Number of protein chains: 2
Amino acid sequence: MLGDRLKILRSERKLTQEELASKIGVTRGTYAHYEINKRQPDYDTLIKLADFFEVSTDYLLKGEDFYSQAKNILDNPDLQYAARDGEISEAEALDRIARILEKQKGRVPGQRQPRPKPRRN
Amino acid sequence: MLGDRLKILRSERKLTQEELASKIGVTRGTYAHYEINKRQPDYDTLIKLADFFEVSTDYLLKGEDFYSQAKNILDNPDLQYAARDGEISEAEALDRIARILEKQKGRVPGQRQPRPKPRRN
DNA sequence: TAACTAAGAAATTCTTAGCCC
DNA sequence: GGGCTAAGAATTTCTTAGTTA
């Protein structure tokens, strides 16, 4: 449920309900309802939450992790069509993407790793 | 706005408001309000719409096209971290993905192309 | 201090029915 | 037929204030 994910995301950032509530422009009571799944924020507020936590609304609403979100994109015929039409073979491109995404399995947005240092090449 | 995208998606599928309304479990009047942005469907209904049209809720809510959705993923530090840690160099992987995604620019979900024929290799 | 919740007020949405094109 | 909308009913949400841990 949405509330469970909000609670986790907020806890990771070590914020109180009141602090988060003020950031997204609602009272603390209102936000509390969201976390215990008693109320649904309107779309504007949902988008503010997604932006603040840097996750997709798909993740907030459906609980899809990074892997399944990315996989949805790979399954999109549009992507496959474009890949076929390019210089890179479809099979090669998809294989390489798939191998990268595979490493994401089980990881969810918010559980951040240190950002990799830039490479030169 | 959500309603504009719903209208386009429905038109592409050549369905009437009534047909679509029955598919997602609301009356035709209720659905009509969504398309002219007079009402906001609840989350359950929003998800049904996203599933039916095979688009993300991010697309319905924020109007992000395929390209920007995919780009968000590329910008995710998690992905960059994983790529760096793998056999494929980060730069190579991201470059290849980026070139594929570039072809998607300006195209949005729903504007489907014929699915590419499978290749053998 | 922080999280949760009852209750009345307020706002939004739903349905029906009808109108317009 | 197909899309749009008024209006009252129904439902949901908001805020305040107070309780609980």
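Everything numeric here is computed off the predicted structure, so don't read it as measured data. Each chain gets a letter, A, B and so on, in the order its sequence line appears, and its residues count up from 1.
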Distance-minimising heavy-atom pair for B/Ser56 and B/Ala50: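 Heavy-atom minimum between the residues: C-CB, 4.3 Å.
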Distance-minimising heavy-atom pair for A/Gln40 and B/Asp42: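 Closest heavy-atom pair between A/Gln40 and B/Asp42: OE1-CB, 4.1 Å.
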Close side-chain approach of B/Leu9 and B/Leu49, heavy atoms under 4.5 Å: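 Answer no - side chains too far apart.
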Side chain to side chain donor-acceptor pair (under 3.5 Å) involving A/Asn37 - partner list, sequence neighbours excluded: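 Expected list: none.
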Angle between terminal axes - the helix from C/dT1-D/dA21 to C/dC21-D/dG1, 5 pairs each end, rounded to 10°: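 End axes: 30° apart.
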Contact letters for nucleotides 14-21 of chain D, in which S counts primed atoms plus P, OP1 and OP2 and B counts the base, heavy atoms under 4.0 Å: BB--B---
Please report the distance, rounded to the nearest Å, between [atom1] in [X] and [atom2] in [N].
{"X": "A/Asn37", "N": "D/dT12", "atom1": "CG", "atom2": "P", "result": "15 Å"}
{"X": "A/Lys38", "N": "C/dA7", "atom1": "NZ", "atom2": "P", "result": "12 Å"}
{"X": "B/Lys14", "N": "D/dG2", "atom1": "NZ", "atom2": "C1'", "result": "15 Å"}

Residue pairs, two or more places apart or on separate chains, that pass salt bridge (Lys or Arg N to Asp or Glu O under 4.0 Å) and touch residues 23-41 of chain B: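 Checked against salt bridge (Lys or Arg N to Asp or Glu O under 4.0 Å) - neighbours excluded - the pairs reaching residues 23-41 of chain B are B/Arg10-B/Glu35.
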Pairs satisfying ring-ring contact (aromatic ring centres under 6.0 Å, His included), at least one member in residues 13-46 of chain B, at least two apart: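 Listed by first then second residue: A/Tyr43-B/Tyr43.
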Partners meeting salt bridge (Lys or Arg N to Asp or Glu O under 4.0 Å) with A/Asp51 (sequence neighbours left out):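 For A/Asp51, the residues satisfying salt bridge (Lys or Arg N to Asp or Glu O under 4.0 Å) (neighbours in sequence not counted) are B/Lys62.
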N or O in side chain of A/Lys7 less than 4.0 angstrom from C/dC4 OP1/OP2: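 Yes, such a contact exists.
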A/Thr16 side chain, from C-beta outward: closest of D/dG3, D/dT5, C/dA3: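 Of the options given, the side chain of A/Thr16 lies nearest C/dA3.
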